[in-house]
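A note on names: the letters A, B, ... follow the listed sequences, proteins ahead of strands, and every chain is numbered from 1.
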Protein chains: 2
Amino acid sequence: MVTLADVARHAGVSASTVSYVLSGKRSISAPTRERIQHSIDTLGYRPHAGARALASSRTDVLALMMPLRTGLYVPVMMEIAMSVTTTARSHGYDVLLLTGEEGPEAVRRVEGSAIADAMIVMDVGLDDPRLPCLQEAERPAVLIGLPTETAEAADTAGLDCVDLDFESAGARCVEHLAGLGHTGVAVLGEPPAVYERGTGFAARTLTGLRAAAATHGVGLLHRPVDGTYAAVAAAVTRVFEERPGTTALVVQNEAAVEPLLALLRHQGRAVPEDVSVVAICPDQVAVHASVPLTAVAVPAREMGRRAVERLVGRLAGEAPRGTELIPPLLTARASTGPAPSGPASTAGSALPGPRVSVSAPTEDRRGRGGH
Amino acid sequence: MVTLADVARHAGVSASTVSYVLSGKRSISAPTRERIQHSIDTLGYRPHAGARALASSRTDVLALMMPLRTGLYVPVMMEIAMSVTTTARSHGYDVLLLTGEEGPEAVRRVEGSAIADAMIVMDVGLDDPRLPCLQEAERPAVLIGLPTETAEAADTAGLDCVDLDFESAGARCVEHLAGLGHTGVAVLGEPPAVYERGTGFAARTLTGLRAAAATHGVGLLHRPVDGTYAAVAAAVTRVFEERPGTTALVVQNEAAVEPLLALLRHQGRAVPEDVSVVAICPDQVAVHASVPLTAVAVPAREMGRRAVERLVGRLAGEAPRGTELIPPLLTARASTGPAPSGPASTAGSALPGPRVSVSAPTEDRRGRGGH
DNA sequence: ATGAAAGCGCTAACAC
DNA sequence: GTGTTAGCGCTTTCAT
């Protein structure tokens, strides 16, 4: 193994000079710097991470705690993880991946063993047991997500948070639909487990949805669903039975998107002629859906990037910045349109009660699949 | 910070004794061990990772290189990553996440800076530039995937590999369908980019599919598809036009699964009465699809687990084990059934379809196809 | 602008 | 069964 001492010898200088060339912490004359750099390249020298960590008390590693509990949409997590990793690299940091299984113990391990300089914590719950440890910890931490129902309380707890402004996101959805004349909106939410766990973003979205619904005189039904075809079908069918006047759906559950579209197609409800659909999901999902979806984007990459940049800033001595909410951006695509104007124009209207039977839109349909 | 020396002083022993209690590398009398353990607990001592790495040349970290290039199904990657992380923890290792962007440079970094003790490399291509570095490296590496078209060549290159036996997986799919009397099978494969990149698993699957098709007199069409509704619709429509005798589909593209099922429903082709579908995907996807799918499982967790266990074994001194292929497991679910027996019974029959072969096997068949 | 030297906290011979 | 001690490779005062 090539050590710093080897380089020093090869370049005919002292070890400390080599070290200073590497760190740039003091000025070195051009000739010696070049000579040393040449030796480094020739010998293929790489500083030993452990030795450096021991001497400097810095690891150049960020820990990423990613619980991946049931009901969470994996691609968003993954995108955040990748965004964190590439952003971290661009700042000279590596990323240590921790699962949620260890819980608070992982926080103590990172702290106590000096495994990482800072941490990013995802999937934060309302009474997350990791939070107290994080607050006691010496090392800076940034949460992706808020541990509170509202945006204000988080920073008072001394925590740095980055998240989409889900409350505004919910409001945007309703506003968009209200603007198109819809008055009966149903929300297909995350799986029940997500709400039960007290995961902040789902609750905050709901708050925004409800507030805007009240403001705009829109009736709102909310149904948590698992991301399976069966669950979506059951929920949607019930919604249309309970309130035939439903003309728009908001989906906050990426896994439910395709099942929902397939179901509507199957039921003969045209999108957006009979029913409008707004999603809260990554843009990629919205664009590639079988009907391009009007959607509020969940900016996964952005969230990962900002989290890292805050952490890097704090490691460089900046003060905590509190809660940072990313404003939602709704992009109108093909899945929303004006509310159908009379009972006559909706598929649901043909039905006396329970089930959708007939008549539908203007689609080319063939084959024996017909109901 | 609490150091080993602090513990030693508190317990009234020497530093080395404390160290040996921790490592278990020499026998300590019960009383002193207990006394030391008590001091450790009282003081809340944690060994300093950097110091330990420097002194022992072991980091207790495994590096996981996960490229996440276009066209790869994210949930499988994520499941492997999580499986790797939890398995690693259970063996006392942490996991450092590396993206593919750095390429071979990342391998050298890990090696040169002693950042990790070993590495797991995913998404290996046929002429992967990381492979030469890996072979030169001192540290053990395990590939998830094979860098070759066939199973044999990999270990000769001195590399340790873990993967599903995709060749057999392909064969199982065809065998299953052939056993049900299907003679016209189309394969919806991974996105074109995956094949172009020379990613081994896709090519190997195709090899297995083709071999079995030849053996069983099954006609095989192969279409790479992007995982969007539009791409799937285009491909499937063309397949049925080109060969109306197609009665079964094999899908190796998780993102295409729901679009495909939605499309078939929309076209009025009943599954499995008109067309059978076999998938190569994680069991979870197969089970939760809108039609539970007969499928060869991609054992993501298993692959991650085995990769880590091999690595841990090799770090403990075991010799490389070469290539380890996990035998495929096909589970029959609701999406496959006997081939429709005559032109009269299929939706496709409406089309000017030349050939549907006559004879079919002797299997118990039921459903509406009954002649 | 450069060098010398004292650690950082731990491990692993080498003693006894 | 336990203590002593010499590093591991790097950073960073303190000198000059």
Trace of the side-chain contact (heavy atoms from CB on, under 4.5 Å) decision for Leu97(B) with Asp94(A):
CA-CA 7 Å; Leu97(B) 183 62; Asp94(A) 274 304; over 6 Å; no
Report the C-alpha distance between Glu101(B) and Arg89(A) in whole Å, list the side-chain angles of each, state the deciding distance to 0.1 Å, and finish with yes or no for salt bridge (Lys or Arg N to Asp or Glu O under 4.0 Å).
CA-CA 10 Å; Glu101(B) 297 194 344; Arg89(A) 276 309 304 149; over 6 Å; no
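For DNA chain C, the span of nucleotides reached by chain A at under 4.0 Å from its heavy atoms goes, 5' to 3', from dA1(C) to dG9(C). Between chain A and DNA chain D, the heavy-atom contact criterion of under 4.0 Å yields a 5' to 3' nucleotide range of dG9(D) to dC14(D).
The stretch residues 9-32 of chain A touches DNA chain C through Gly12(A), Val13(A), Ser14(A), Ser16(A), Thr17(A), Arg26(A), Ser27(A), Ile28(A), Ser29(A), Thr32(A), each having a heavy atom under 4.0 angstrom from the strand. Residues from residues 48-55 of chain B that place a heavy atom under 4.0 Å from any atom of DNA chain C, listed by number: His48(B), Ala51(B), Arg52(B), Ala55(B).
When atom types are taken as modelled, the side chain of Ser57(B) and the backbone of Ala53(B) share no donor-acceptor pair closer than 3.5 angstrom.
For Thr85(A), the side chain to side chain donor-acceptor pair (under 3.5 Å) criterion is met by no residue, not counting sequence neighbours. Thr32(B) is linked by a side chain to side chain donor-acceptor pair (under 3.5 Å) to Ser29(B), counting only residues two or more places apart in sequence or in another chain. Arg139(A) is linked by a salt bridge (Lys or Arg N to Asp or Glu O under 4.0 Å) to Glu111(A), counting only residues two or more places apart in sequence or in another chain. Partners of Thr3(B) by side chain to side chain donor-acceptor pair (under 3.5 Å), not counting sequence neighbours, listed by chain and number: Asp6(B). Remark: Arg306(B) engages Glu302(B), Glu324(B) in a salt bridge (Lys or Arg N to Asp or Glu O under 4.0 Å) (not counting sequence neighbours). Among residues two or more places apart in sequence or in another chain, the side-chain contact (heavy atoms from CB on, under 4.5 Å) test is passed with Arg33(B) by Val21(B), Ile28(B), Ala30(B). Looking at residues two or more places apart in sequence or on another chain, you find a side chain to side chain donor-acceptor pair (under 3.5 Å) between Tyr93(B) and Arg58(B).
Other residues, nucleotides and ligands contribute at most 12 non-hydrogen atoms within 6.0 Å of the CG atom of Asp127(A).
Only one option out of Val142(B), Leu315(B), Leu96(B) pairs with Leu62(B) in a side chain to side chain contact (heavy atoms under 4.5 Å, CB included); it is Leu315(B).
Comparing the start and finish of the helix from dA1(C)-dT16(D) to dC16(C)-dG1(D), five pairs each, the helix axis swings through 30°, to the nearest 10 degrees.
Classification of Arg109(A) and Glu105(A) as a salt-bridged pair fails, no side-chain N sitting under 4.0 Å from a carboxylate O.
Atoms CZ and CZ, from Arg321(A) and Arg310(A) in turn, are 5.0 Å apart once rounded to the nearest 0.5 Å. Rounding to the nearest 0.5 Å gives a distance of 7.0 Å between CZ of Arg108(B) and CZ of Arg46(A).
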